[in-house]
A.B. asks: 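Next up is a structure, given as structure tokens.
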Amino acid sequence: MALDIKEKYINPYTDFGFKKLFGTEMNKDLLISFLNALLKGQRNIKDIRYLPTEHFGIYGNRR
């Protein structure tokens, strides 16, 4: 009996994929490492703090 295992990939070039990879407290170390690699020694990030980023505008919460 063969198992039907489907692999899932996240595209980090999309907003959804980037947020899934780097936008959670669980992956904080991954984001810090990524940012330090981009900065190439110009600065050294040791910690980050996640803030709410979703802004729905003035009509976003009306029904």
Side-chain angles (χ1 to χ4, degrees):
M1 177 184 208
L3 295 175
D4 185 23
I5 299 174
K6 295 182 181 180
E7 295 182 25
K8 294 183 181 181
Y9 296 96
I10 295 176
N11 184 351
Y13 296 118
T14 65
D15 186 51
F16 174 80
F18 192 90
K19 285 181 181 179
K20 284 293 180 190
L21 288 174
F22 299 111
T24 63
E25 192 74 30
M26 184 174 69
N27 292 336
K28 187 178 192 178
D29 57 336
L30 184 63
L31 177 59
I32 292 170
S33 178
F34 175 70
L35 292 173
N36 283 328
L38 286 177
L39 295 172
K40 297 179 182 173
Q42 296 173 14
R43 299 186 98 182
N44 187 26
I45 297 172
K46 295 179 182 172
D47 195 23
I48 57 171
R49 180 173 49 146
Y50 287 94
L51 300 173
T53 59
E54 299 296 326
H55 300 283
F56 297 106
I58 59 174
Y59 300 108
N61 294 329
R62 290 187 183 177
R63 294 230 175 235

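Index from 1, following the sequence.
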A.B. asks: Around atom CZ of Phe16, are there more than 12 heavy atoms from other residues, nucleotides or ligands closer than 6.0 Å?
C.D. replies: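 Not more than 12 within 6.0 Å, no.
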A.B. asks: For Gly17, does its backbone N or O pair with a side-chain atom of Asn11 as donor and acceptor, under 3.5 Å?
C.D. replies: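 Judged by distance alone, no pair lies under 3.5 Å.
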A.B. asks: Going by heavy atoms in the side chains, are Ile48 and Phe22 under 4.5 Å from each other?
C.D. replies: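 When only atoms from C-beta onward are counted, Phe22 and Ile48 do not touch, as no gap falls below 4.5 Å.
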A.B. asks: Rounded to the nearest 0.5 Å, what separates atom CZ in Arg43 from atom CG in Leu38?
C.D. replies: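 Here the interatomic distance stands at 14.0 Å.
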A.B. asks: Evaluate the criterion side chain to side chain contact (heavy atoms under 4.5 Å, CB included) for residue pair Lys28 and Asp47; output intermediate values, then yes/no.
C.D. replies: CA-CA 8 Å; Lys28 187 178 192 178; Asp47 195 23; 2.9 Å; yes
A.B. asks: Looking at Leu30 and Leu21, what are the two nearest heavy atoms and their distance?
C.D. replies: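 The answer is CD2-O, 3.8 Å.
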A.B. asks: Check Ile10 against Lys20 and note the closest heavy-atom contact, atom names and distance.
C.D. replies: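 Looking at all heavy atoms of both residues, the closest pair is CD1-CB, 4.1 Å.
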A.B. asks: What are the two closest heavy atoms between Tyr50 and Leu31, and how far apart are they?
C.D. replies: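 Smallest interatomic distance, heavy atoms only, reads OH-CD2, 3.7 Å.
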